[in-house]
Undergrad: 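Below are the structure tokens for one structure; questions will follow.
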Amino acid sequence: MATSTAGATGWYRGRVKAVPSGDCLVIMAMTNNKAGLPAEKTITLSSLIAPRLARRGGVDEAFAWESREFLRKLCIGQEVTFRVDYSVPSIGREFGSVFLGDKNVAVLVVSEGWAKVREQGQQKGEASPFLADLLQLEEQTKQQGLGRWSKTPGAAEASIRNLPPSAIGDPSNLDAMGLLAANKGRPMQGIVEQVRDGSTVRVYLLPDFQFVQVFVAGIQSPSMGRRAAAETVAETEITSEETNGDASEPRVPLTSAQRLAASTTAAEVGPDPFGMEAKHFTELRVLNREVRIVLEGVDKFSNLIGSVYYPQGDSVNDLSMELVENGLAKFVEWSANMMEEDAKRRLKAAELEAKKSRLKIWTNYVPPATNSKAIHDQNFTGKVVEVVSGDCIIVADDSVPFGSPLAERRVNLSSIRCPKMGNPRRDEKPAPYAREAKEFLRTRLIGRQVSVQMEYSRKVTMGDGPTVATGPGDSRVMDFGSVFLSSATKGDGDETSPALSTAGTQQGINVAELVVSRGFGTVIRHRDFEERSNFYDALLAAESRAVSGKKGIHSAKDPPVMHITDLTTASVKKARDFLPFLHRSRRSSAVVEYVLSGHRFKLLIPKETCSIAFSFSGVRCPGRDEPYSDEAIAFMRRKIMQRDVEIEVETVDRTGTFLGSLWESRTNVAVTLLEAGLAKLQTSFGTDRIPDAHLLEQAEKSAKGQKLKIWENYVEGEEVSNGSVVESKQKEVLKVVVTEVLGGGKFYVQTVGDQKVASIQKQLASLNLQDAPVIGAFNPKKGDIVLAQFSADNSWNRAMIVNAPRGTVESMKDKFEVFYIDYGNQEEVPYGGLRPLDPSVSSSPGLAQLCSLAYIKVPDLEEDCGPEAAEYQSAHTLSTSKEFRAKVEERDLSGGKVKGQGTGPITVVTLVAVDAEISINAAMVQEGLARIEKRRKRDPKERQVALDNLEKFQDEARSARLGMWVYGDIQSDDEDMAPPASRKAAGGRR
């Protein structure tokens with residue numbers, strides 16, 4: 001006979017962690033104990049007996065599942081108040097009363113008919129204090145036929161689950177492969193019955209009650225220990241029935257802590273560090289909860305591998321991601337390979353962040369020495385400008401303005417290595433198949449649009465060795481990424497092969513995989529801790545196909561041999577001796593190997609197996625260090641670099657350079673260069689020998705008329721010298737409105753009457769704004785042009801993403817820093833205030849022009865009088881109805897990539913209101929909020945006059961001690977007015 005201990009305890013608060021049966025709750029404390037985990041208590045509702053669920057090969061009692069489900073849905077995860085009414089130490093069980101808010105849980109269970117009331121236990125005091133109410137309720141439910149008292153014929157039999165063999169203790173009967181084949185990738189509903197460890201759960205799949213054990217895909221939590229080999233999984237399912245001889249008591253499974261304590265003697269190895277914490281973490285989120293299981297695969301032992309998703313409020317969380325982000329699981333590549341690439345990449349990135357933060361299992365993590373690091377947040381699209389080798393290309397970034405030093409990016413293909421091209425300067429010849437690999441990529445990529453996923457960078461020694469560089473002078477950093485060519489591209493060979501993975505149709509053809517599959521490269525065998533391609537497995541598969549097909553470098557045949565005569569390094573006499581061969585062919589096919597300058601190139605002529613230096617006849621671009629020289633080179637690189645062209649050679653100059661005309665796609669390239677204002681005709685050469693001479697003259701005339709590039713200061717009848725007019729008769733005057741003041745004399749303007757402004761406004765007004773974007777469907781990145789809602793007036797305007805949250809967007813409130821490209825202002829906008837923008841609208845350049853005030857120095861916001869100067873300038877210029885005349889004094893094109901406020905090409909102007917007597921420049925000097933620039937030797941007369949006029953206003957401010965002159969004269973700083981070398985500096989900075 002079991003003995004009991006009577007006497008109720010005080011009331012406690014806790015949260016329901018599990019509901020094993022229709023009359024039993026596992027309640028955990030609201031605070032953690034010394035071990036870092038909350039204490040748990042299993043409470044059986046006093047005086048209640050619920051129908052018993054099937055255990056270890058048995059069958060359910062009638063209505064057992066419905067009884068458990070009622071209590072589970074009612075209480076799981078809820079905060080409750082409870083007390084222990086009495087306990088039976090011999091069976092280790094406590095019986096009590098539980099309240100959910102002000103409602104007695106036992107009363108709710110009995111009132112629905114899901115448990116029967118036991119009037120009195122075998123010992124005095126073994127009864128609920130609410131026994132009388134429970135008995136009365138039971139009589140009512142019996143009369144009403146509720147729950148287990150149903151009077152419907154056959155209801156009891158229908159409530160008994162028809163469990164498959166795997167659900168009643170025989171998991172060997174589970175057809176894992178069949179279950180995967182029927183449900184792979186399809187979400188299945190289930191209820192988690194047990195958590196074996198942090199990354200392993202046992203689930204009832206609904207509605208068939210298939211009982212399966214699922215290993216969470218892509219991760220592994222710390223082990224909970226290992227039991228004796230003689231024990232089976234089923235033998236660990238200890239229940240109260242096995243420890244209780246009283247058949248009148250319901251069967252209730254012990255908690256995980258009780259099972260662990262009961263099996264201590266049988267354990268070979270205790271839990272790993274954080275094993276208990278990982279298990280508790282998973283139990284809190286999924287134990288006895290409804291989840292979605294997505295099967296990903298099956299391992300060689302027929303274990304099911306799947307993703308587990310659980311609801312939390314209005315969102316659905318990924319258990320694997322939660323465990324990894326909290327440092328309670330590590331990324332496991334073999335099972336992650338079964339998942340989608342995006343999910344796999346996110347898991348790996350989450351593990352990296354956990355390692356960096358030293359979370360939980362990574363507390364003592366020491367990263368191994370490596371010369372590579374991940375750069376996953378630098379994805380971009382662009383056009384391929386140059387193929388350097390079979391595994392290296394140069395791409396023009398679409399998000400960077402043309403002409404910027406950052407416009408072209410060198411991308412090394414991740415995780416592959418192709419034969420080296422050698423170095424002609426060191427007399428190194430190309431390795432076997434190096435030319436073929438490069439030509440293979442050139443014919444498929446040059447001039448094509450690609451998307452690039454940057455993956456990692458690696459610091460290498462100048463000898464390209466594997467060791468980590470020891471000094472700044474003997475190393476360089478190489479960026480690696482995966483390049484994707486649109487799958488719509490047609491070509492010969494592997495582009496259309498069904499065996500070639502396209503890494504998802506949204507991305508297109510993986511160029512690295514294409515190269516490896518043709519036998520032009522090998523896959524690098526990375527060390528475990530090294531960064532690698534996100535598509536590494538696909539690369540290995542492509543290499544395996546190339547080896548089995550004996551393609552390229554894997555072939556037993558001798559590599560092809562090609563001898564090229566390089567006339568660019570030969571004597572002038574040898575170049576002239578070659579001229580008759582080119583004259584005989586008249587037009588010859590060639591490939592542009594290198595752009596030496598805007599008008600001079602290195603060409604390969606395959607038919608003649610030679611390389612020559614070639615230059616346009618009668619057309620010249622600015623020389624090195626002259627304005628627009630770099631822009632001309634960049635223009636020609638995008639236009640003809642490594643393209644197939646036709647040439648017609650006329651003669652050879654005294655340096656051995658061949659002169660003539662060049663066509664690409666039947667277009668005379670010199671005409672295009674002249675039309676862009678990046679070159680001019682040399683009339684002294686004689687145009688009678690130049691084909692299309694009349695087209696060249698028309699092109700130059702057009703550029704002059706539009707004042708493009710080198711002709712920007714062109715005046716009819718005057719010569720241009722080094723990009724500036726020798727004596728300007730009339731400077732350009734713009735009619736503008738000021739849209740934003742930055743401080744330091746910088747501000748943004750829009751041109752009044754510009755048709756582009758009206759066109760953009762009309763396009764934006766015609767947009768049909770949709771609802772808030774769906775998280776995951778729209779992921780704006782740094783540099784993207786989007787539609788953003790301005791906080792001041794809720795208007796929608798074009799904006800460029802300046803800074804975006806790391807990783808994926810998780811909430812509508814995630815902040816994005818944006819720059820309004822049509823107005824020049826900048827702010828943070830929530831994700832819900834962004835919308836995607838059609839390329840036809842986003843491709844137009846921004847309407848806001850960055851300007852600065854000419855001839856004066858305005859203090860920055862951080863300097864004395866800086867805020868006052870900005871406030872004055874804003875008060876006197878910021879108004880959409882106030883027009884100004886902006887006289888362009890000069891243009892500063894050294895701004896580079898436009899990343900946000902205050903950067904980019906600057907127009908230096910004198911700003912005068914239409915109805916004002918003096919300029920804003922003079923007014924700020926007069927108020928003591930700016931000072932004039934330093935005078936220089938050999939200043940143009942025009943600048944001298946302007947400084948003389950402004951100096952009068954500066955003298956007034958100095959005399960009146962206004963603004964920056966309040967404490968007297970200002971000492972000049974080093975960068976502005978350095979004293980003559982023959983004198984000693986009189987004082988430092990103020």
Side-chain angles (χ1 to χ4, degrees), residues 8-48 50 66-87 93-112 114-115 128-130 133-134 137 190-195 198 201 250 252-259 276-291 308-317 319 322-323 326 328:
T9 65
W11 290 95
Y12 300 96
R13 291 175 57 216
R15 191 175 300 277
V16 177
K17 174 183 175 182
V19 182
S21 66
D23 58 2
C24 182
L25 301 168
V26 179
I27 304 174
M28 62 182 181
M30 303 295 287
T31 57
N32 294 349
N33 56 25
K34 294 182 179 180
L37 298 176
E40 296 178 8
K41 188 177 286 291
T42 300
I43 298 294
T44 302
L45 298 177
S46 298
S47 299
L48 295 192
E66 288 85 348
S67 173
R68 200 291 290 266
E69 282 297 275
F70 174 79
L71 187 60
R72 183 186 69 81
K73 293 177 180 179
L74 179 68
C75 295
I76 192 69
Q78 299 295 321
E79 187 176 326
V80 296
T81 306
F82 71 96
R83 73 175 184 182
V84 177
D85 297 328
Y86 58 92
S87 62
R93 297 185 50 203
E94 295 177 308
F95 300 81
S97 301
V98 180
F99 279 78
L100 183 62
D102 59 351
K103 297 180 180 179
N104 188 335
V105 173
V107 169
L108 295 175
V109 171
V110 173
S111 66
E112 294 295 329
W114 295 124
S128 168
F130 308 98
D133 293 337
L134 295 176
L137 277 172
I191 296 178
V192 176
E193 289 298 307
Q194 183 188 355
V195 175
V201 295
V252 180
L254 300 181
T255 66
S256 58
Q258 290 170 326
R259 285 197 298 271
M276 290 289 293
E277 189 170 344
K279 180 179 180 181
H280 177 71
F281 182 92
T282 300
E283 286 178 334
L284 282 184
R285 286 154 179 78
V286 302
L287 182 58
N288 286 169
R289 309 292 181 102
E290 296 175 7
V291 297
V308 179
Y309 301 91
Y310 66 93
Q312 187 171 30
D314 296 331
S315 62
V316 177
N317 290 0
L319 179 61
E322 293 285 312
L323 284 164
N326 286 276
L328 293 171

Undergrad: Under a 4.5 Å cut-off applied to non-hydrogen side-chain atoms, are E69 and W114 in contact?
TA: no
Undergrad: Between atom NZ of K17 and atom CG of L287, what is the distance when rounded to the nearest 0.5 Å?
TA: 7.0 Å
Undergrad: Working to the nearest 0.5 angstrom, can you tell me the gap between R68 CZ and C24 SG?
TA: 11.0 Å
Undergrad: Write down the atom of P129, the atom of R83, and the distance for their closest heavy-atom approach.
TA: CG-NH2, 3.2 Å
Undergrad: Could you give the distance from NE2 (H280) to CG (L37), rounded to the nearest 0.5 Å?
TA: 5.5 Å
Undergrad: Closest approach of G22 and L71, non-hydrogen atoms and distance?
TA: O-CD2, 3.3 Å
Undergrad: Do E112 and E66 come close enough that some side-chain heavy atom pair is under 4.5 Å?
TA: no
Undergrad: Measure across F70 and V109 and return the closest heavy-atom pair with its distance rounded to 0.1 Å.
TA: CE2-CA, 3.8 Å
Undergrad: Counting C-beta onward and ignoring hydrogens, is there a side-chain heavy-atom pair between R285 and V308 closer than 4.5 Å?
TA: no
Undergrad: Side chains of Y310 and E322: closer than 4.5 Å at any heavy-atom pair?
TA: yes
Undergrad: Looking at E94 and S87, what are the two nearest heavy atoms and their distance?
TA: CG-CB, 3.9 Å
Undergrad: To the nearest 0.5 Å, how far apart are CG in N104 and OG1 in T81?
TA: 11.5 Å
Undergrad: Looking at every heavy atom in both S46 and L134, which two are closest together, and how far apart are they?
TA: O-CD1, 4.2 Å
Undergrad: Might you point out which heavy atoms bring F130 and S97 nearest each other, and give the distance in Å?
TA: CE1-OG, 3.6 Å
Undergrad: Fit a plane to each ring of W11 and F99, take the angle between them on a 0 to 90° scale, and name the class: parallel (under 30°), tilted (30 to 60°) or perpendicular (over 60°).
TA: perpendicular
Undergrad: For the CG atom of N288 and the NZ atom of K73, what is their distance to the nearest 0.5 Å?
TA: 12.5 Å
Undergrad: I'd like to know if the side chain of S128 reaches the main chain of S47, judged simply by a donor and an acceptor atom lying under 3.5 Å from each other, with no hydrogens or angles considered.
TA: no
Undergrad: Please report the interatomic distance CG(D85) to CD1(I43), rounded to the nearest 0.5 Å.
TA: 8.5 Å
Undergrad: Side-chain contact, heavy-atom cut-off 4.5 Å: V192 with R289?
TA: no
